[in-house]
K.L.:
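Take a look at this one; I'll ask things after.
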Amino acid sequence: MTGRDDDPRVTELCTAVSRLRRELAAHPAEFPDRAIAEDELAALAAMATGGMPEIPRLRRSLLLIAGAIGSVSALSRGLSDVREAVDLFGEPRH
């Protein structure tokens, strides 16, 4: 049994990453950092399906993805969904 079965945050992350990967694959335009975004989304998917992901690694991947596709407006909603899913793993606010 993986963390995905036990933790709704992991399920949300898997869903958001999967959706953004599909959107990126369907996006017709090539851009310089597309491979970086694809690699980091694959890394996020592997972390999520492998159980409880490491929070610093999640955030690093999110920053790389945002830097790679942040200017592609067609992908902004999917990127926001991934950011929100990563934020679910954050520290409780005081």
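We're numbering straight along the sequence, starting at 1.
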K.L.:
Is there a donor-acceptor pair closer than 3.5 Å between any side-chain N or O of Thr49 and the backbone N or O of Ala45?
P.N.:
yes

K.L.:
State, with a plain yes or no, whether a side-chain heavy atom of Arg34 is found less than 4.5 Å away from one of His27.
P.N.:
yes

K.L.:
Does the distance from a Lys or Arg side-chain N to an Asp or Glu carboxylate O, for Arg57 and Glu40, drop under 4.0 Å?
P.N.:
yes

K.L.:
Could you pull out the closest heavy-atom pair between Glu23 and Gly78, with the gap in Å?
P.N.:
OE1-CA, 3.6 Å

K.L.:
On a heavy-atom basis, which atom in Pro53 and which in Val10 lie closest, and how many Å separate them?
P.N.:
CD-CG2, 4.0 Å

K.L.:
Side-chain heavy atoms under 4.5 angstrom apart, residues restricted to Ile, Leu, Val, Met, Phe, Trp, Tyr: same cluster for Leu64 and Leu44?
P.N.:
no

K.L.:
Do you know the tightest heavy-atom contact between Leu13 and Ala85?
P.N.:
CA-CB, 3.7 Å

K.L.:
Looking only at heavy atoms, what is the nearest atom pair of Gly67 and Asp33, with distance?
P.N.:
O-OD2, 4.3 Å

K.L.:
Among Leu20, Leu75, Leu58, Asp87, exactly one meets side-chain contact (heavy atoms from CB on, under 4.5 Å) together with Val82. Which residue is that?
P.N.:
Leu20

K.L.:
Can you tell me how far apart CG (Leu24) and CZ (Arg22) are? Round to the nearest 0.5 Å.
P.N.:
12.0 Å

K.L.:
Begin from the C-alpha positions of Arg19 and Thr15 and carry the test side chain to side chain donor-acceptor pair (under 3.5 Å) through to its verdict.
P.N.:
CA-CA 6 Å; Arg19 186 178 309 122; Thr15 300; 5.6 Å; no

K.L.:
Between Phe31 and Ala68, what is the shortest heavy-atom contact and its length?
P.N.:
CE1-O, 3.5 Å

K.L.:
For Leu41 and Val17, which heavy atoms make the closest approach, and how far apart are they?
P.N.:
O-CG1, 3.5 Å

K.L.:
How long is the span from the CZ atom in Arg59 to the OG atom in Ser61, to the nearest 0.5 Å?
P.N.:
12.5 Å

K.L.:
Are Ile65 and Leu63 connected in a single hydrophobic cluster, I mean Ile/Leu/Val/Met/Phe/Trp/Tyr linked by side-chain heavy atoms less than 4.5 Å apart?
P.N.:
no

K.L.:
Ile55, Leu62: one ILVMFWY side-chain cluster at the under-4.5 Å cut-off?
P.N.:
yes

